[in-house]
Amino acid sequence: MLATAIIVFREVLEAALIVGIVMAASQGVPGRGIWVGGGVVGGILGAVVVAGFAETLAAAMAGIGQEIFNAAILFAAVAMLGWHNIWMRRHASELAAAANRLGAAVRAGSQPLWALAFAVGLAVLREGSEVVLFLYGIAAAGDGGAGAMALGGALGLAAGVTAGAGIYFGLVHIPMRHLFAVTSWLILLLAAGMASQGAAFLLQADLLPPLGTTLWDTSFLLPDHSLTGRVLHALVGYTAQPAGIQLVFYLATLLIIGTLMRLVGGAPRPARRKGAAGSRPIGLQPGE
Amino acid sequence: MRSLALAFLLALFVSAAAAADPGPVTITIRDHAFVPAEIKVPAGTKVELSIRNEQAMPAEFESASLHREKVISPGSAISVYVGPLNPGRYEFFDDFHPATRGFVVVE
């Protein structure tokens with residue numbers, strides 16, 4: 001039962017942390033519960049379907065179907081998270097003149113949530129399909145007992161959701177005017193980590209060269225399977241023994257999304273001036 | 001006599017070519033164990049591992065050091081390529097049953 005709980009927790013953790021960050025990033029947006037909840041439910045339904053077709057998927061495309069599928073899911077999520085960040089930055093600069101609590105709330109209120117909902121759905125789908133396969137496997141083997149399995153699964157799920165709630169409540173303590181800068185960074189790092197994971201799948205499918213099988217090895221310091229290693233893996237894409245191509249994808253994602261954010265957002269936000277801030281015409285903002 | 005020698009040479013050549021490409025290394029997962037639990041592969045070459053899951057439950061072949069992660073449905077087999085690798089011991093495990101472990105020994 002405990003083994004079941006640990007494995008389910010591990011799979012749920014990554015998706016739960018993403019949901020926690022997305023909930024914090026959409027703080028104050030009307031209907032965000034529906035959007036994010038919809039993403040989670042859609043992801044779970046998708047996970048059941050994917051788990052049902054696991055064998056077909058593995059055999060597809062001359063045996064690399066699983067790798068292609070995982071990479072596609074990850075890169076789609078990267079695109080969604082990147083799009084969200086770029087959108088936020090553009091509107092942040094439009095509203096930079098009113099960079100106060102009200103401005104932040106207005107900015108948040110007009111934020112479209114489909115990209116974040118999609119990213120949540122994809123993360124839940126990917127991690128969820130493994131949970132479904134795993135639990136199905138235990139049920140099929142029939143050696144643990146259905147009750148122990150259900151209890152273990154529920155405990156693992158609860159622990160994962162607690163971690164997601166933890167990061168959410170930690171983040172929402174940040175004052176509104178800083179919150180979106182912080183979540184923006186977190187989402188950027190999430191995206192880079194996912195891109196590096198996607199590259200690992202393409203490397204496994206032999207579609208990319210490794211560019212150095214092991215760039216460095218920090219597994220003696222912080223192994224991938226430790227709790228801290230897993231949390232950092234989910235949040236910033238940590239891996240103890242990265243291949244060169246993973247670092248290339250990681251940095252390229254940071255650079256591309258970061259550059260696009262800068263381009264649409266213009267120069268760094270103008271310093272606030274006493275009194276003048278509110279009266280500055282939006283049309284004259286840098287980058288407009 | 002001459003053609004016999006030629007045939008002999010040809011046979012040598014063919015067997016040498018066969019030795020250069022040993023084909024996939026087969027690993028079976030049975031009763032929560034990799035059989036064999038340790039495989040030896042030469043350094044600096046790409047090797048195909050063919051992993052068959054003979055259990056009633058799915059398995060996930062995973063290795064942090066080899067960067068591999070692949071689900072194997074019950075009763076089916078997957079293939080993954082590893083290498084070219086530097087000499088050393090590379091651990092792999094079943095992510096759905098982490099006590100099930102094995103090693104790729106590169107020498």
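Hydrogens, waters and symmetry mates play no part in the numbers below; they use all other heavy atoms, side chains included.
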Checklist entry - Under a 4.5 Å heavy-atom cutoff, which of Ala59(B), Pro74(B), Pro58(B) has the most pairs with chain A? => result Pro58(B)
Checklist entry - For the candidates Ala56(B), Ser65(B), Ser79(B), which exhibits the highest count of non-hydrogen atom pairs separated by less than 4.5 Å from chain A? => result Ser65(B)
Next on the checklist: Go through it in stages, so that I can follow the logic: the residues are Tyr238(A) and Thr218(A), the test is side-chain hydrogen bond (donor to acceptor under 3.5 Å, both in side chains), and I'd like the CA-CA distance, side-chain angles, deciding distance and then a yes or no.
Outcome noted: CA-CA 10 Å; Tyr238(A) 172 79; Thr218(A) 44; 2.9 Å; yes
Checklist entry - Does some side-chain heavy atom of Ser129(A) sit less than 4.5 Å from a side-chain heavy atom of Val132(A)? => result no
Counting only non-hydrogen atoms closer than 4.5 Å, does [X] touch chain A with its backbone (N, CA, C, O), its side chain (CB onward), both, or neither?
X	value
Val71(B)	both
Asp95(B)	both
Glu60(B)	side chain
Leu66(B)	neither

Side chain / backbone / both / neither for [X] at chain B, heavy atoms under 4.5 Å:
X	value
Pro242(A)	backbone
Ala3(A)	neither
Ile7(A)	side chain
Ala243(A)	both

Item to check | Salt-bridge contact Glu62(B)-Lys70(B) (side-chain N to carboxylate O under 4.0 Å) | outcome: no
Checklist outcome for this item: Of Gln241(A), Gln204(A), Glu130(A), Gln246(A), the largest count of non-hydrogen pairs under 4.5 angstrom with chain B goes to Gln204(A)
Checklist entry - Out of curiosity, Thr26(B) OG1 to Glu48(B) CD, how far, rounded to the nearest 0.5 Å? => result 8.5 Å
Next on the checklist: Classify the ring geometry of His32(B) against His97(B): parallel below 30°, tilted from 30° to 60°, perpendicular beyond 60°.
Outcome noted: parallel
Next on the checklist: Tell me whether the rings of Phe34(B) and Phe92(B) are parallel (<30°), tilted (30 to 60°) or perpendicular (>60°).
Outcome noted: perpendicular
Item to check | Trace of the salt bridge (charged side-chain N to carboxylate O under 4.0 Å, His left out) decision for Glu14(A) with Arg230(A) | outcome: CA-CA 8 Å; Glu14(A) 195 164 329; Arg230(A) 287 190 189 282; over 6 Å; no
